[in-house]
Protein chains: 2
Amino acid sequence: MDIKKTYSISELAKEFDVTTRSVRFYEDQGLLHPTRRGQTRIFSSKDRVRLKLILRGKRMGFSLSETKELFDLWDETLSGNEKQLLLMLNTLANKRAQLEQQKNDIAQAEMEMDTAEARCREALADLQKKKREQTKIQKAQIKEEPQPVEQK
Amino acid sequence: MDIKKTYSISELAKEFDVTTRSVRFYEDQGLLHPTRRGQTRIFSSKDRVRLKLILRGKRMGFSLSETKELFDLWDETLSGNEKQLLLMLNTLANKRAQLEQQKNDIAQAEMEMDTAEARCREALADLQKKKREQTKIQKAQIKEEPQPVEQK
DNA sequence: AAAATACTTTACGTTTACGTAAACTTTATC
DNA sequence: GATAAAGTTTACGTAAACGTAAAGTATTTT
């Protein structure tokens, strides 16, 4: 038994930092299924979870329709039909492959960022060195030609 | 000294399985900078690398303009200006944070897929069991009421 | 030289995921 | 009871990332 509470559209919007427009859009596209009190939407904790999943999906580069497909598939899976179960297992395997690809991409990106960062730091160090040499020269010059007397 | 070769638009398109339209679009958006022989585009191996990065970026949910920003930033970084170097380091740190978020998302998704898969297999096992019970009953019925003689 | 092939520019069309504005109801507050 | 606050529908607008078609050039093949 989840948190059981219900949510208004602006509660959800605020919590997940999206606009109400987006939430309504997700309903329009069949990703959320709030009930109504009068004409006002009432979201269940299931809707809340789904919203969270939608947003995570987006961060992972999934389109809304991809996410919707997963939702629908899962709902049909719950019906317990064998064909649907097998289909779901299949889909899960595909998604796993996608995730593997993403993990690879991320690992690659991290390696390249490592070398990029290293080069940056190296270049910076070089600059600092040059700066220090420069100030040394200046100090030397000051010693050679000391205290020019100020006058008004 | 990379592979040093140059590439036609269709070579690149074929290699990375994108349309020539896309490649031209990426140039239009300032992500690729092919030279020209007459009016025909000639892509360098640097362009090839960038195309690869563009596509990886897309898989990771980066927009073209995000990727372009990175390219531009990197190019300016190469100029060795201190301000640019610091800016790049900053940006790299931000991107790393993004990647961490993505890794979290992926880990979460994998966990949920694990439980989803487990439930599926369980449900399937239940179905199989019921099936076996069903056939047992049928076999029992056949034993009780054996060999109905066939006639024509 | 005619035809096929590969490339080009120009430009309008399309999908996704909302933004934004207008006009209206319902509920809470003064 | 007026007004503000939060919700609603309807509908047009927009940015991103191409698709697609038209019409032309350049080169290679037959």
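Each chain gets a letter, A, B and so on, in the order its sequence line appears, and its residues count up from 1. Here the structure is a predicted model, which is why all the values come from computation and not from measurement.
The salt bridge (charged side-chain N to carboxylate O under 4.0 Å, His left out) contacts involving residues 24-35 of chain A comprise Glu27(A)-Arg36(A), Glu27(A)-Arg41(A), where partners must be two or more places apart or lie in separate chains. Within the structure, every pair that satisfies the side chain to side chain donor-acceptor pair (under 3.5 Å) test and touches residues 86-97 of chain B, not counting sequence neighbours, is listed here: Asp114(A)-Arg96(B), Glu117(A)-Arg96(B).
Within the structure, every side-chain polar atom (N or O) of Tyr26(B) is placed at least 4.0 Å from both OP1 and OP2 of dA17(D).
Between Glu27(B) atom CD and dC18(D) atom P the separation is 15 Å, expressed in whole Å. In this structure, Arg37(B) atom CZ and dT28(D) atom C1' are separated by 12 Å, rounded to whole Å. Between the CG atom of Asp28(B) and the C1' atom of dC18(D) there is a distance of 11 Å, rounded to whole Å.
Gln102(B) places a side-chain N or O within 3.5 Å of a backbone atom of Met60(B) that can act as its donor or acceptor partner.
Looking at residues two or more places apart in sequence or on another chain, you find a side-chain contact (heavy atoms from CB on, under 4.5 Å) between Phe25(B) and Arg21(B), Gln29(B), Leu64(B). Qualifying side-chain contact (heavy atoms from CB on, under 4.5 Å) partners for Thr40(A), counting only residues two or more places apart in sequence or in other chains: none. With sequence neighbours left out, Ser65(A) forms a side-chain hydrogen bond (donor to acceptor under 3.5 Å, both in side chains) with Ser63(A). Residues satisfying the side-chain contact (heavy atoms from CB on, under 4.5 Å) test with Glu82(A), not counting sequence neighbours, are Leu86(A), Leu124(B), Leu127(B), Gln128(B), Lys131(B). Judged as a salt bridge (Lys or Arg N to Asp or Glu O under 4.0 Å), and not counting sequence neighbours, Asp47(B) has no contacts. Listed by chain and residue number, Glu100(A), Ile106(B), Glu110(B) satisfy the side-chain contact (heavy atoms from CB on, under 4.5 Å) test with Lys103(A) (two or more places apart in sequence, or in another chain). Here Glu11(A) pairs with Lys5(A) under the side-chain hydrogen bond (donor to acceptor under 3.5 Å, both in side chains) rule; sequence neighbours left out.
Taken residue by residue, residues 63-70 of chain A places heavy atoms nearer than 4.0 Å to DNA chain C at Ser63(A), Leu64(A).
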All N/O pairs under 3.5 Å across the protein-nucleotides 4-8 of chain D interface:
from   : atom 1 : to       : atom 2 : distance (Å)
dG7(D) : OP1    : Ser8(A)  : OG     : 3.4
dG7(D) : OP1    : Ser10(A) : OG     : 2.4
dG7(D) : OP2    : Ser10(A) : OG     : 3.0
dT8(D) : OP1    : Arg41(A) : N      : 2.7
dT8(D) : OP1    : Arg41(A) : NE     : 2.8
dT8(D) : OP2    : Arg24(A) : NE     : 3.1
dT8(D) : OP2    : Arg24(A) : NH2    : 2.9
dT8(D) : O3'    : Arg41(A) : NH2    : 3.4

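Counting 5' to 3', DNA chain C first comes under 4.0 angstrom of a heavy atom of chain A and last does so at the ends given by dA17(C) to dT20(C).
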